[in-house]
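What follows is a short report on a single structure.
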Amino acid sequence: AMKLVLVALAIVLAVAAAKDDDLRQELLRRVEQDQAARFAAMDWMKSHGGTSAIGSYDLAPDQQVELKRLTSRIEQIDAENTKWLKTVLDQHGWPTKSLAGKDGAHAVWLLVQHADRDTKFQRHCLDLMSKLPKGEIPPQDVAYLTDRVLLAEGKMQLYGTQFAPKDGKLQPKPIEDEPNVDARRAAVGLPPMAEYVKILDEQYGPAKKQSE
């Protein structure tokens, strides 16, 4: 009973902290849809002997159709969210913690992470995030998007947040000044690389591409 009371209180506080709860709720709804589509695809691939969207395994024609349907759904959701986010930024500016609540501010970051087909928009969002007052957005979110944008621009990532399956296991994409990556990670509140790799392996398994 006490746990339920605390959860309810946390929800009340989150709503109270958001100036625009309608925006917060829409962000959370879109993230829930985003994650449901991604986990549906990952679960399907796992059940058919694959561990990654780019894995090589034999599929019957009807299975290929189903996989295409699942991945097309993700692409459709990402495209719709990107289009919607552009209107949100035009109307409200960046949805900060003050505007959309802590969970809403994190939600908009996740949607931008998945706007990979519009890398100029991702760069624009990163520039907006980087200018926000301290406390309006988690520095970890900025780090993740920084790596995403740098890699899309043909550069090396700074924080080692982006991985890809290679030789049957997860490996980080190229890192700038790799010997000092743990220091940069610590500065934004991220765990050391070794610990991060262990977490990814536990969550996604060998060679499974991370959903974030």
Side-chain angles (χ1 to χ4, degrees), residues 6-42 70-155 157-162 173 184-185 187-190 209-212:
L6 291 175
V7 170
L9 178 60
I11 294 174
V12 169
L13 290 175
V15 173
K19 292 180 181 178
D20 191 335
D21 193 56
D22 287 341
L23 174 59
R24 172 180 173 267
Q25 293 292 346
E26 181 62 14
L27 284 164
L28 297 180
R29 184 192 72 79
R30 287 176 179 270
V31 162
E32 183 178 3
Q33 184 184 53
D34 167 297
Q35 292 292 279
R38 280 176 160 79
F39 282 113
M42 287 196 297
L70 290 167
T71 55
S72 294
R73 177 59 177 155
I74 293 173
E75 293 171 0
Q76 177 189 1
I77 289 172
D78 291 347
E80 291 174 353
N81 285 337
T82 299
K83 182 179 179 180
W84 177 77
L85 281 172
K86 289 179 179 180
T87 65
V88 169
L89 295 186
D90 287 343
Q91 294 174 7
H92 302 282
W94 187 264
T96 60
K97 178 181 176 181
S98 297
L99 181 66
K102 183 178 180 180
D103 50 0
H106 181 69
V108 70
W109 159 79
L110 181 64
L111 298 181
V112 172
Q113 280 283 102
H114 294 160
D116 291 317
R117 288 170 181 78
D118 195 336
T119 55
K120 289 185 178 179
F121 176 62
Q122 285 183 319
R123 163 53 74 177
H124 174 61
C125 290
L126 177 59
D127 291 342
L128 290 176
M129 291 170 65
S130 300
K131 296 175 183 177
L132 292 174
K134 186 176 180 180
E136 286 292 358
I137 194 163
Q140 298 94 328
D141 290 356
V142 179
Y144 270 86
L145 188 58
T146 295
D147 282 353
R148 198 90 158 202
V149 168
L150 288 174
L151 289 168
E153 294 175 345
K155 302 171 185 176
Q157 59 177 330
L158 290 176
Y159 299 97
T161 63
Q162 303 301 298
K173 295 181 180 181
R184 292 192 297 274
R185 291 175 65 85
V188 295
L190 291 172
K209 195 175 182 180
Q210 65 189 100
S211 66
E212 292 189 353

Among Lys131, Lys102, Lys97, the one residue meeting side chain to side chain contact (heavy atoms under 4.5 Å, CB included) with Glu136: Lys97
Closest heavy-atom pair and its distance - Asp147, Gly160: OD2-N, 3.1 Å
Mind checking whether Arg38 and Asp78 have side chains closer than 4.5 Å, heavy atoms only? yes
Locate the shortest heavy-atom distance separating Leu126 from Val142; write the atom from each residue and the value. CD1-O, 4.0 Å
Rounded distance [0.5 Å steps], CG in Leu145 versus CG in Leu128: 10.5 Å
Can you find a pair of side-chain heavy atoms, one from His124 and one from Lys86, that are under 4.5 Å apart? no
Donor-acceptor under 3.5 Å (Gln157 side chain, Gln162 main chain): yes
Distance col, row Leu110:CG vs Asp103:CG, nearest 0.5 angstrom, shows 12.5 Å
His114 vs Asn81 side-chain heavy atoms within contact, under 4.5 Å: no
Which atom names give the shortest non-hydrogen contact between Pro139 and Val188, and what distance separates them? CG-O, 3.7 Å
Chi angles and distances behind the side-chain hydrogen bond (donor to acceptor under 3.5 Å, both in side chains) call for Thr119, Glu153: CA-CA 8 Å; Thr119 55; Glu153 294 175 345; over 6 Å; no
Say whether, by atom type as modelled, one donor and one acceptor occur between the side chain of Asp141 and the main chain of Trp109 under 3.5 angstrom. no
Measuring from Lys173:NZ to Leu150:CG, what's the distance to the nearest 0.5 Å? 12.5 Å
Step by step, work out the side chain to side chain contact (heavy atoms under 4.5 Å, CB included) result for Thr82 and Arg117. CA-CA 9 Å; Thr82 299; Arg117 288 170 181 78; over 6 Å; no
Interatomic distance, CG@Leu111 vs CG@Leu85, rounded to 0.5 Å, equals 5.0 Å
Closest heavy-atom contact between Tyr159 and Arg185? O-NH1, 2.7 Å
Residue pair Arg24, Leu28: steps toward the side chain to side chain contact (heavy atoms under 4.5 Å, CB included) verdict: CA-CA 6 Å; Arg24 172 180 173 267; Leu28 297 180; 3.9 Å; yes
Do the non-hydrogen side-chain atoms of Asp116 and Arg148 ever get within less than 4.5 Å of each other? yes
Of all heavy-atom pairs between Leu27 and Gly104, which one has the smallest distance, and what is that distance? CD1-O, 3.5 Å
For the CD atom of Gln140 and the NE2 atom of His106, what is their distance to the nearest 0.5 Å? 9.5 Å
I want to check something: taking the side chain as every heavy atom from C-beta on, are Cys125 and Leu89 in contact at a cut-off of under 4.5 Å? yes
If you look at every heavy atom in Gln122 and Val112, which pair is closest and at what distance? NE2-O, 2.9 Å
Would you call Arg123-Asp127 a salt bridge at under 4.0 Å N-O? yes
Hey, could you give me the CD1/CZ distance between Ile77 and Arg73, rounded to the nearest 0.5 Å? 4.0 Å
Glu80: which residues meet the side-chain hydrogen bond (donor to acceptor under 3.5 Å, both in side chains) condition with it, sequence neighbours left out? Gln76
Can you confirm whether more than 12 heavy atoms, excluding those of Glu32, are under 6.0 Å from its CD atom? no
